[in-house]
Amino acid sequence: LLLLLLPASGAEPELRFRPPAEAPVRLFTEPELARYDGHQEGQPIYLAVKGVVFDVTSGKEFYGKGAPYNALVGKDSTRGVAKMSLDPADLTHDTAGLTEEELKSLDDIFNNVYKAKYPIVGYTSRRILNEDGSPNLDFKPEDQPHFSIKDEF
């Protein structure tokens, strides 16, 4: 009976667990995301747009310490990206009051720059949770880029 359970000679045993092809995504609070602002040498640089956290380390010349777009990193800068603004008042997730043109620009940049160029490493907690900590009922994991519920377990 024991011999029947062993694989045939030369055959590889079948693995039941397959590691995910990509690193699993993670959830970032605002203070956690702020740690990845490009000011610490050797630390990755993260930028969130529309609640999606991108690793922009490969664009260090644009996003690193002292770089032209460093103000955008370490936070959700959705409004700033939509308005193409580095004004501190615009470096927020809030899209209230944006024009149709700004919202279209936001979608274009989100899809054609960030999603096309940089790996997704997670999501902001604000994207998944409401201000009071209750679940955001509009959040659908299956609609999120690079998100697979099987990788979460």
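Heavy atoms only: backbone and side chains are in, while hydrogens, waters and symmetry mates are out. If you read the sequence from its start, that first residue is 1, and numbering goes on from there.
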*Could you check whether the rings of Tyr63 and Tyr118 sit parallel, tilted or perpendicular, using 30° and 60° as the cut-offs?*
perpendicular
*To the nearest 0.5 Å, how far apart are CG in Asp90 and OG1 in Thr78?*
11.5 Å
_Minimum heavy-atom separation for Asp37 and Val73, please, with both atom names._
O-CG2, 3.2 Å
*Can you name the nearest heavy-atom pair linking Ala89 to Thr92, along with the distance?*
O-CG2, 3.9 Å
*For Lys65, what residues pass the salt bridge (Lys or Arg N to Asp or Glu O under 4.0 Å) criterion, not counting sequence neighbours?*
none
*For Glu61, look at atom CD and say whether over 12 heavy atoms of other residues, nucleotides or ligands are found less than 6.0 Å away.*
yes
*Run the numbers on Tyr46 and Tyr36 for ring-ring contact (aromatic ring centres under 6.0 Å, His included), then give the verdict.*
CA-CA 5 Å; Tyr46 294 165; Tyr36 301 95; 4.5 Å; yes
_Within the structure provided, determine whether Tyr69 and Val56 are in side-chain contact (heavy-atom separation under 4.5 Å)._
no
*Which residues share a side chain to side chain donor-acceptor pair (under 3.5 Å) with Glu30, sequence neighbours left out*: Arg126
*Distance (rounded to the nearest 0.5 Å) between Glu101 CD and Leu103 CG*: 10.5 Å
*asked:* Give me the atom names and distance for the closest heavy-atom approach of Lys60 to Glu41.
replied: NZ-OE2, 3.1 Å
*Backbone N or O of Ala96 within a donor-acceptor pair of the Arg79 side chain at under 3.5 Å?*
yes
*Starting at OG1 of Thr57, measure out to CD of Gln43 and round the result to the nearest 0.5 Å.*
9.0 Å
*Counting N and O atoms only, with roles assigned by atom type, does the side chain of Ser77 sit under 3.5 Å from a partner on the main chain of Leu91, one being a donor and the other an acceptor?*
no
*asked:* Return the OG1 to CG distance between Thr124 and Leu27, rounded to the nearest 0.5 Å.
replied: 7.5 Å
*Checking Asn111 side chain against Asp107 main chain: does a donor-acceptor pair fall under 3.5 Å?*
yes
*Considering all heavy atoms of both residues, which atom of Gly38 and which atom of Ile45 are nearest to each other, and what is their separation?*
CA-CG1, 3.7 Å
*Evaluate the side-chain proximity of Ile109 to Met84: yes if any heavy-atom separation is below 4.5 Å, no if none is.*
yes
_Assess the residue pair Asn70 and His39 against the criterion (side-chain contact (heavy atoms from CB on, under 4.5 Å)); give the C-alpha distance rounded to whole Å, side-chain angles, the decisive distance to 0.1 Å, and a yes or no._
CA-CA 9 Å; Asn70 179 255; His39 285 90; 3.2 Å; yes
*For the residue pair Val53 and Tyr123, establish whether any side-chain heavy-atom pair is separated by less than 4.5 Å.*
no
*asked:* Lys75: which residues meet the salt bridge (Lys or Arg N to Asp or Glu O under 4.0 Å) condition with it, sequence neighbours left out?
replied: none
*What pair of heavy atoms forms the shortest contact from Leu33 to Asp76, and how long is it?*
CD2-N, 3.9 Å
